[in-house]
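Below is one structure, written out as structure tokens, with a few remarks after it.
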Amino acid sequence: MSSRATPLGEFDLIERFFKTGADSMRSKADQGVTLGIGDDCALIKPPGNEEIAITSDMLVEGRHFFAGADPTLLARKALAVNLSDLAAMGASPLGFTLAIALPKVDEVWLEAFSKGLFAIAKEYSCPLIGGDTTAGPLTISITAFGSIPAGKAIRRSGAKAGDDVWVSGAVGDARLALAALRHEIDLSSEDLQRIEDRMHQPMPRIDLGIQLRDVASAALDVSDGLLGDLRHILKQSQVDAQIQLDQLPKSSILKKQESSIQNLFAACGGDDYELCFTAPSSQHEKIQEISRTLNLPLTLIGKILPQKDHQARVYLLDASGVLLSDSQAAPFLNSFDHFAQ
């Protein structure tokens, strides 16, 4: 008789690490989820007269996170980046599905991963309602569902000439942390510890998105770099933008770097998961009120302009108000490309 433990199979894995946690949330969840894990499909029912918002994000080891990354933090980030998309649309979370490929069944790793996953799921009242598991290179794919009152979704296509451009929180810290971990920049251990959370534990701005439903004309979450992402709004809204480079909000740690690094990381560093949004100037006072209510800095960084040609353009001004040339501006307008080498 063998003394070795029986290897954990797919359905035992789901039951032990995911279904149990999902069931514990179901008893506390609202009626938005009428059927969770265990059937061929989950069933969700948004409140009356609300639309369903759906978003998916995939994280691949070696592409989006380092090999050997802390599974608790990894799980938190995997759900957080999807919740950030819901926030950008002004949606309230309903639930999410998880598809995960694992190189092997590592029970210690799975225990830590599920702990991090359900911690953030409970924090944002977003229960796990289904998914899939398989063997393969470590890949985590989450689809999140949210609800928005009909007609209130904040789209990328609503920016108008004359609108102000805003961004929440501070940008550039995640890129600074990555540079430090890659030994491109030297940071004190104290400073690195303070900003690593910006890379590993982004905070979805769900409450801000909801507050902006009747305020913002367009919005998106900053994942691949602030100014590169802003161009998605400009393209869909068929407008241009003028941005004051020195007004990009930066943390005290990033401000210790030389100004060129500060501006570069804030403008195109990525992985910030803040909200960039546009709004009529008449909403300025309301936005300041939202900032105070949420205790969250909201910074005015520029203006929406009429489109000059058929290509969405971002015009950058330096600290003296001088317009940067195209060649000077180009490095600040880059964004992360998932297929670039």
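Please read all numbers here as calculations on a predicted model, not as lab measurements.
- S281 is not listed as a side-chain neighbour of H284, based on a closest heavy-atom distance of 4.5 Å or more.
- Every ring-ring contact (aromatic ring centres under 6.0 Å, His included) that F113 has, sequence neighbours left out, goes to W109.
- Residues satisfying the side chain to side chain contact (heavy atoms under 4.5 Å, CB included) test with L323, not counting sequence neighbours, are Y315, L317.
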Yes or no on salt bridge (Lys or Arg N to Asp or Glu O under 4.0 Å) for E289 and R292, after CA distance, side-chain angles and deciding distance? CA-CA 5 Å; E289 180 185 329; R292 291 190 295 269; 5.3 Å; no
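- Legend: residues meeting side chain to side chain donor-acceptor pair (under 3.5 Å) with N49, ordered by chain and number and at least two apart, are absent.
- The salt bridge (charged side-chain N to carboxylate O under 4.0 Å, His left out) test applied to E111 returns no partner, not counting sequence neighbours.
- For the ring-ring contact (aromatic ring centres under 6.0 Å, His included) condition, no pair includes a residue of residues 171-197, sequence neighbours left out.
- Take Q193 and apply the side chain to side chain donor-acceptor pair (under 3.5 Å) test, not counting sequence neighbours, and it matches no residue.
- Partners of K160 by salt bridge (charged side-chain N to carboxylate O under 4.0 Å, His left out), not counting sequence neighbours: none found.
- Contacts of S291 classified as side chain to side chain donor-acceptor pair (under 3.5 Å), with partners at least two apart in sequence or in another chain: none.
- Partners of Q201 according to the side chain to side chain contact (heavy atoms under 4.5 Å, CB included) rule, which considers only residues two or more places apart in sequence or in another chain, are L73, R76, D197.
- Judged as a side chain to side chain donor-acceptor pair (under 3.5 Å), and not counting sequence neighbours, the contacts of E258 are S260.
- When only modelled atom types and interatomic distance are considered, S237 and S157 share no side-chain donor-acceptor pair under 3.5 Å.
- Taking Q257 as the reference, L176, I185, L187, L254, I261, Q262 meet the side chain to side chain contact (heavy atoms under 4.5 Å, CB included) condition, with sequence neighbours excluded.
- Residues satisfying the side chain to side chain contact (heavy atoms under 4.5 Å, CB included) test with L264, not counting sequence neighbours, are C268, P331, F332.
- Linking ILVMFWY residues whenever their side-chain heavy atoms come closer than 4.5 Å, directly or via other members, leaves L83 and Y273 in distinct clusters.
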